[in-house]
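In listed order, ligands and their atoms are each counted from 1.
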Amino acid sequence: MTAVLVAEDVRRTYGETVALDGVSLSVDAGEVLALVGPNGAGKTTLVRALTGTTDAEGSVRVFGADPRAVDRERIGLLPQEFDPPERLTARELLAYYRGLYDGGRDVAAVLADVGMADDADTWYENLSGGQRRRVCVGTALVNDPDLLFLDEPTTGIDPAGRRALWDLLDGLAAGGTTIVLTTHYMEEAHRLADRVGLLADGSLVALDDPGAL
Ligand code: ADP
């Protein structure tokens, strides 16, 4: 297996707060890693450190390079807090984000994948919370990334929508996409992940297959 992501002794503090206290992990090509842990454990900070969207001490290599130097066509990122322009339809939003890349996927296909084909022409502001989150997941898929980071992708999505998203992520993983996601739902981690990383107080206290955890 080839590691597509290697993090060594990653540390991040905010003032007195130690958000990440020396996290090391690696993720192989095609693997699905779920990060779980209580609020404040450091999940979001770790995703940000791994994607180069926050400064951190230690070493992070994505496809063998600094994450900020990696061709952005290769990485998809759904941040936990993501507020796209509200006066655009789901279709327009995905087309907008798709336009930021040279290559990428057909917008209609992504809308179908995230279960938004029927509401594609509704303004974002008029969508339900779960529908909004599905559109947001879609924005992370438009560039057909090799490595996908999803910070709480299914929070606020109803059970049926969640299961549909799980099927979608399964399909992506089966197609070779490497996925790192955070979740509050152990069931989700169990269902999706090849390995689960348990964070507590900024430390990775366990990293194992879901059955073992
Ligand atoms: P999780 O995603 O597991 O809930 P976070 O990574 O968001 O955890 O937060 C880890 C710790 O770092 C928390 O104590 C949080 O308050 C703190 N933290 C995160 N981001 C910031 C920030 N931008 N400024 C100050 N403190 C932060």
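- Aromatic ring centres of F82 and Y124 lie farther apart than the 6.0 Å criterion allows.
- Atom CZ of R132 and atom CE of M116 lie 10.5 Å apart (nearest 0.5 Å).
- Salt-bridge formation is detected for the pair R91/D121: a Lys NZ or Arg NE/NH1/NH2 atom is positioned less than 4.0 Å from an Asp or Glu carboxylate oxygen.
- Atom CG of D146 and atom CD1 of I179 lie 11.5 Å apart (nearest 0.5 Å).
- The pair D55-R68 counts as a salt bridge, with a side-chain nitrogen and a carboxylate oxygen less than 4.0 angstrom apart.
- With hydrogens and angles disregarded, no donor-acceptor distance shorter than 3.5 Å links the side chain of R74 to the backbone of F63.
- For ligand 1, the 4.0 Å heavy-atom shell contains residues Y14, T17, A19, P38, N39, G40, A41, G42, K43, T44, T45.
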